[in-house]
Amino acid sequence: MSISTKKKSYKEALLEARDSKIALGAFNIFNFTSAKAVVNAAEEENRPVIIQTSTKTVKQIGVKELGSMLRFLAEQAKVPVYIHLDHCRDPELAKQCVDAGWDSVMLDASDEPLEENIRITKEVVAYASPRGVAVEGEVGVIKGVEEDIVAEEEKPATYEDTIRYINETGIDAIAPAIGTAHGFYKKKPSINYELVEKLGTLKDCPVVLHGGTGLSDETFRRLINLGVAKVNVSTALKHACINTAKEFLEASKLEPLELDQRIEKAIKETVQGYIRLFSN
Ligand code: 13P
């Protein structure tokens with residue numbers, strides 16, 4: 001299926017993807033090499049792409065430093081490249097990213113009671129929206145480890161809570177806990193397709209799928225057909241990086257530039273595989 005590669009707003013891009021039964025891949029990067037690999041993959045596939053940063057990456061590199069580096073890459077790219085902040089628990093950090101050039105921020109107060117989740121999310125929407133920056137929110141709790149966010153147990157999202165959260169916060173994209181998890185799957189996830197189907201018909205709030213690494217092609221296709229507009233992938237990129245580095249170092253090569261090139265290639269090929277999968 002085809003999708004325009006003309007740059008539009010982050011939310012318009014998600015809605016267009018959903019209506020074309022495509023999902024935009026959102027890939028967690030952790031340095032310049034991984035970010036460049038994602039951009040190169042998107043250019044080779046001629047698709048828009050989302051570069052995501054965890055809060056740990058933002059803190060390690062610095063808001064302004066990372067923001068300028070990613071904006072530079074996005075502006076030079078031949079396809080639309082959007083910058084998104086993944087799982088941010090700190091409203092102040094989310095606001096700093098809004099000011100430093102991110103196109104979208106995820107405020108994750110999902111471990112709080114619903115009322116409090118709504119209150120904190122609303123505070124960030126009130127800051128981001130007038131500045132043209134989208135906000136993603138989470139309802140229920142998505143299980144697993146994503147950098148410094150650790151959730152031992154899933155708390156499944158309900159349709160009622162999710163609709164209430166969307167209506168009261170005015171968020172731009174919703175990540176409900178539907179049974180997927182961060183990190184590698186130890187057993188086949190039990191996914192709430194029915195909830196995705198109901199939310200997939202919402203006019204104005206695209207659905208985000210977390211926990212992309214390890215899901216089957218069939219699961220992706222089914223969820224995208226039901227209305228998932230954005231798919232997050234993180235662990236697969238880290239894996240590509242570390243495995244390549246291990247292999248390279250075991251051969252005792254002291255060539256950091258060559259190591260970087262190999263890592264970039266491995267991540268680029270991983271990302272290309274996902275982009276193709278999300279576009280067919
Ligand atoms: P994986 O690490 O399982 O790919 O999940 C990524 C994610 O959902 C980031 O928010």
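Atoms within a ligand are numbered from 1 in the order they appear, just like the ligands themselves. In this chain, residues are counted from 1 in sequence order.
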I'd like to check which ligand 1 atoms, numbered from 1 as shown, lie under 4.0 Å from a non-hydrogen atom of Gly212.
3 (O), 4 (O), 5 (O)
Would you say Gly144 contacts ligand 1, with heavy atoms under 4.0 Å as the rule?
no
Side chain, backbone, both or neither: which part of Asp86 comes within less than 4.0 Å of ligand 1 when only heavy atoms are counted?
side chain
Report, in ascending order of atom number, the atoms of ligand 1 lying under 4.0 Å from any heavy atom of Ala181.
3 (O)
Using a 4.0 Å cut-off to any heavy atom of His87, which atoms of ligand 1 qualify?
10 (O)
Ligand 1 N/O within reach of Thr235 N/O, cut-off under 3.5 Å
yes
Looking at Val233, which atoms of ligand 1 are within less than 4.0 Å of one of its heavy atoms?
4 (O)
Any heavy atom of Ala236 sitting closer than 4.0 Å to ligand 1?
no
Other residues, nucleotides and ligands only: do more than 12 of their heavy atoms fall within 6.0 Å of CD on Glu247?
no
If you group Ile, Leu, Val, Met, Phe, Trp and Tyr by side-chain heavy-atom gaps below 4.5 Å, do Val58 and Leu73 land in one group?
yes
Do the non-hydrogen side-chain atoms of Gln52 and Met106 ever get within less than 4.5 Å of each other?
no
Can a donor-acceptor pair be found, under 3.5 Å and without considering hydrogens, that links the side chain of Ser129 to the backbone of Ala126?
no
How far is atom 3 (O) of ligand 1 from its nearest protein heavy atom, and which residue and atom is that?
Gly183 N, 3.0 Å
For Ser234, the ligand 1 atoms with a heavy-atom partner under 4.0 Å come out as 1 (P), 2 (O), 4 (O), 6 (C)
Within a distance under 4.0 Å of any heavy atom of His210, pick out the atoms of ligand 1 and give their elements.
8 (O), 10 (O)
Evaluate Gly211 for polar contact with ligand 1, using N/O atom pairs at a separation under 3.5 Å.
yes
Is Arg221 paired with Glu218 through a side-chain N to carboxylate O contact shorter than 4.0 Å?
no
Identify whether the distance between the nearest side-chain nitrogen and carboxylate oxygen of Lys230 and Glu136 falls below 4.0 Å.
yes
When you look at CD of Glu194, are more than 12 heavy atoms from neighbouring residues, nucleotides or ligands closer to it than 6.0 Å?
no
Nearest-0.5 Å distance, OG of residue Ser34 to CD1 of residue Ile267:
5.0 Å
When you measure from the side chain of Thr57 to the backbone N and O of Thr53, does any donor-acceptor pair fall under 3.5 Å?
no
If you have a sec, work out which protein heavy atom is nearest atom 4 (O) of ligand 1 and how many Å separate them, to one decimal?
Thr213 OG1, 2.5 Å
